[in-house]
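Remarks on the structure that follows.
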Amino acid sequence: MKIRLRRHAMTLAAVLTGLALVASGCSDSKSHSLNAQGFPETLTLAAVPAENSADLKASYAPVIKLLEKETGSKVQFKQASDYAGVVEGIIAGNVDLAFFGPFAYVVAGINGAKITPLGAVVQAAGGSPGYKSYGLAKSDNASINGLKDFAGKKVCFVDPSSTSGFLYPTAGLISAGVIKSGSEADISAGVTPIYAGAHDASALSIASGTCDAGFAFDTMVDKTMIDKGDLKPGQLKTVWKSETIAGSVFAANNALGTDTVEKLKTLLTTKLNAANLKSSGICADECRITDERAWGVVPATDADYNGVRKVCEITGSKKCKG
């Protein structure tokens, strides 16, 4: 039996958002003329929240301010409820820039989005892009100490399109012999899946006992939720860690043209970081970007995501197919 924590309203919101991203250019066609700085008059940036957020735009305010300052473009921010709407918006030519989790980036390409990675986020200056998926349980749950103990339990995943909240966890559960494949039927045969819809929601569901165990990405549990007071230190225990996953990535719609894409790539990888944002006056205090609260952006290539493609092969997930 599959249980979903998302309300029907969230599903409707995802549909409406997707339709808006696809159709936005139909009634209000965006000019493709370039401004004095050689960029489009308007750039549309789309993102999907990694945590439950009523105002995702606030997390992207430093990104938006930098883009507007350096390109002279007006940046329109679009908050989507799922990546399907973002991908359709890119294909329709109504989304210029997007922030993707690694799995979503790979799936976007599989589904026909013509995109180029501009750069991946890092959590600290000099750091390498990448993060890990955690398998989690309540600290006082003595019966769960590894993935094999997830068998037959209520297990919280994030979303079927989440890299660290679904794809890598299913590969881990396959390796542990808990499930046979990443198909819906095999997952449901091995565990009772609960789709929380966001990483923080998954962790909170484990902490509350709604789920016996589950998954979320590392910094969400180690830092973000503790800093916000949503989790107490030591409230959850990490019983499994994935291999390092390629970092979440900013990508550009190839329809912008090679020159514009290359200029955006240089801009993001040289100036979209906490140190520059603070020195340039965009941020007064410590400046973190996206709701992953990253320090900045470093170069990334499409080949960096071959590890995700390999996990797609292991799990046989339908989400990995166009």
Side-chain angles (χ1 to χ4, degrees), residues 39 43-71 73-80 83 86 95-105 108 115-132 162-164 198-200 216-228 245-253 261 263-301 304-305:
F39 289 92
L43 287 171
T44 301
L45 168 63
V48 176
E51 58 181 309
N52 286 331
S53 174
D55 186 15
L56 184 66
K57 186 176 181 179
S59 302
Y60 284 80
V63 182
I64 294 168
K65 290 177 182 178
L66 179 73
L67 285 170
E68 292 188 334
K69 176 182 178 181
E70 297 292 335
T71 67
S73 304
K74 173 64 178 177
V75 176
Q76 294 181 343
F77 183 79
K78 302 289 186 181
Q79 176 172 336
Y83 284 111
V86 178
V95 171
D96 301 307
L97 306 172
F99 186 66
F100 287 109
F103 184 27
Y105 167 77
I115 51 178
T116 297
L118 299 176
V121 295
V122 294
Q123 295 301 318
S128 299
Y131 62 108
K132 293 187 177 183
S162 173
T163 317
S164 56
H199 290 268
D200 59 340
F217 74 86
D218 50 10
T219 55
M220 179 62 74
V221 176
D222 289 341
K223 180 173 174 58
T224 302
M225 296 184 70
I226 291 175
D227 288 350
K228 292 172 67 176
I245 306 166
S248 296
V249 60
F250 283 97
N253 192 331
V261 170
K263 286 190 289 186
L264 287 167
K265 187 183 298 184
T266 299
L267 170 59
L268 266 61
T269 56
T270 59
K271 295 188 177 183
L272 186 52
N273 59 71
N276 179 68
L277 291 169
K278 187 174 181 179
S279 65
S280 63
I282 290 176
C283 296
D285 301 312
E286 182 187 29
C287 189
R288 292 276 164 173
I289 59 170
T290 79
D291 63 342
E292 291 190 14
R293 293 169 177 78
W295 176 86
V297 175
V298 298
T301 68
D304 294 337
Y305 298 87

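As the structure is a prediction and not an experimental result, all values here were calculated from the model. If you read the sequence from its start, that first residue is 1, and numbering goes on from there.
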For [X], all residues meeting salt bridge (Lys or Arg N to Asp or Glu O under 4.0 Å), sequence neighbours excluded:
X	result
Lys65	none
Lys223	Asp227
Asp285	none

> In Å, rounded to the nearest 0.5 Å, how long is the span from CG of Asn253 to CG of Asp96?
Replying inline: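 It comes to 6.5 Å.
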
> How many angstroms lie between CG in Asn276 and SG in Cys283, if you round to the nearest 0.5 Å?
Replying inline: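 So the gap between those two atoms works out to 10.0 Å.
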
With distance as the sole test, does [X] use its side chain to make a donor-acceptor pair with the main-chain N or O of [Y] at under 3.5 Å?
X	Y	answer
Glu68	Val75	yes
Asn273	Gly296	no
Tyr83	Gly101	yes
Asp218	Lys132	yes

Student check: side-chain heavy atoms of [X] and [Y] closer than 4.5 Å:
X	Y	answer
Thr219	Glu292	no
Leu118	Val261	yes
Val95	Lys78	no
Phe217	Thr163	no
Ser280	Lys69	yes
Thr224	His199	no
Leu67	Leu264	yes

> Is Lys263 atom NZ crowded by more than 12 heavy atoms from other residues, nucleotides or ligands, each under 6.0 Å away?
Replying inline: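 Counting other residues, nucleotides and ligands, NZ of Lys263 exceeds 12 neighbours.
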
>> If I compare all heavy atoms of Ala300 with all of Tyr305, which pair ends up nearest, and what's the gap?
In response: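 In terms of heavy atoms, the two residues are closest at CB-OH, 4.3 Å.
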
> Going through the checks in order, is the side-chain contact (heavy atoms from CB on, under 4.5 Å) test met by Phe99 and Val86?
Replying inline: CA-CA 9 Å; Phe99 186 66; Val86 178; over 6 Å; no

> Hey, mind stepping through Leu272 and Phe250 against side-chain contact (heavy atoms from CB on, under 4.5 Å) and telling me if it holds?
Replying inline: CA-CA 11 Å; Leu272 186 52; Phe250 283 97; 4.1 Å; yes

>> Apply side-chain contact (heavy atoms from CB on, under 4.5 Å) to residues Met220 and Arg293 and explain how you reach the verdict.
In response: CA-CA 9 Å; Met220 179 62 74; Arg293 293 169 177 78; 5.6 Å; no

> Do Leu56 and Val48 pass the side-chain contact (heavy atoms from CB on, under 4.5 Å) test, and can you show the C-alpha distance, the side-chain angles, and the key distance before you say yes or no?
Replying inline: CA-CA 8 Å; Leu56 184 66; Val48 176; 5.9 Å; no

> Relative to the ring of Tyr60, is the ring of Phe77 parallel (under 30°), tilted (30 to 60°) or perpendicular (over 60°)?
Replying inline: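 Answer is tilted, since the angle falls between 30° and 60°.
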
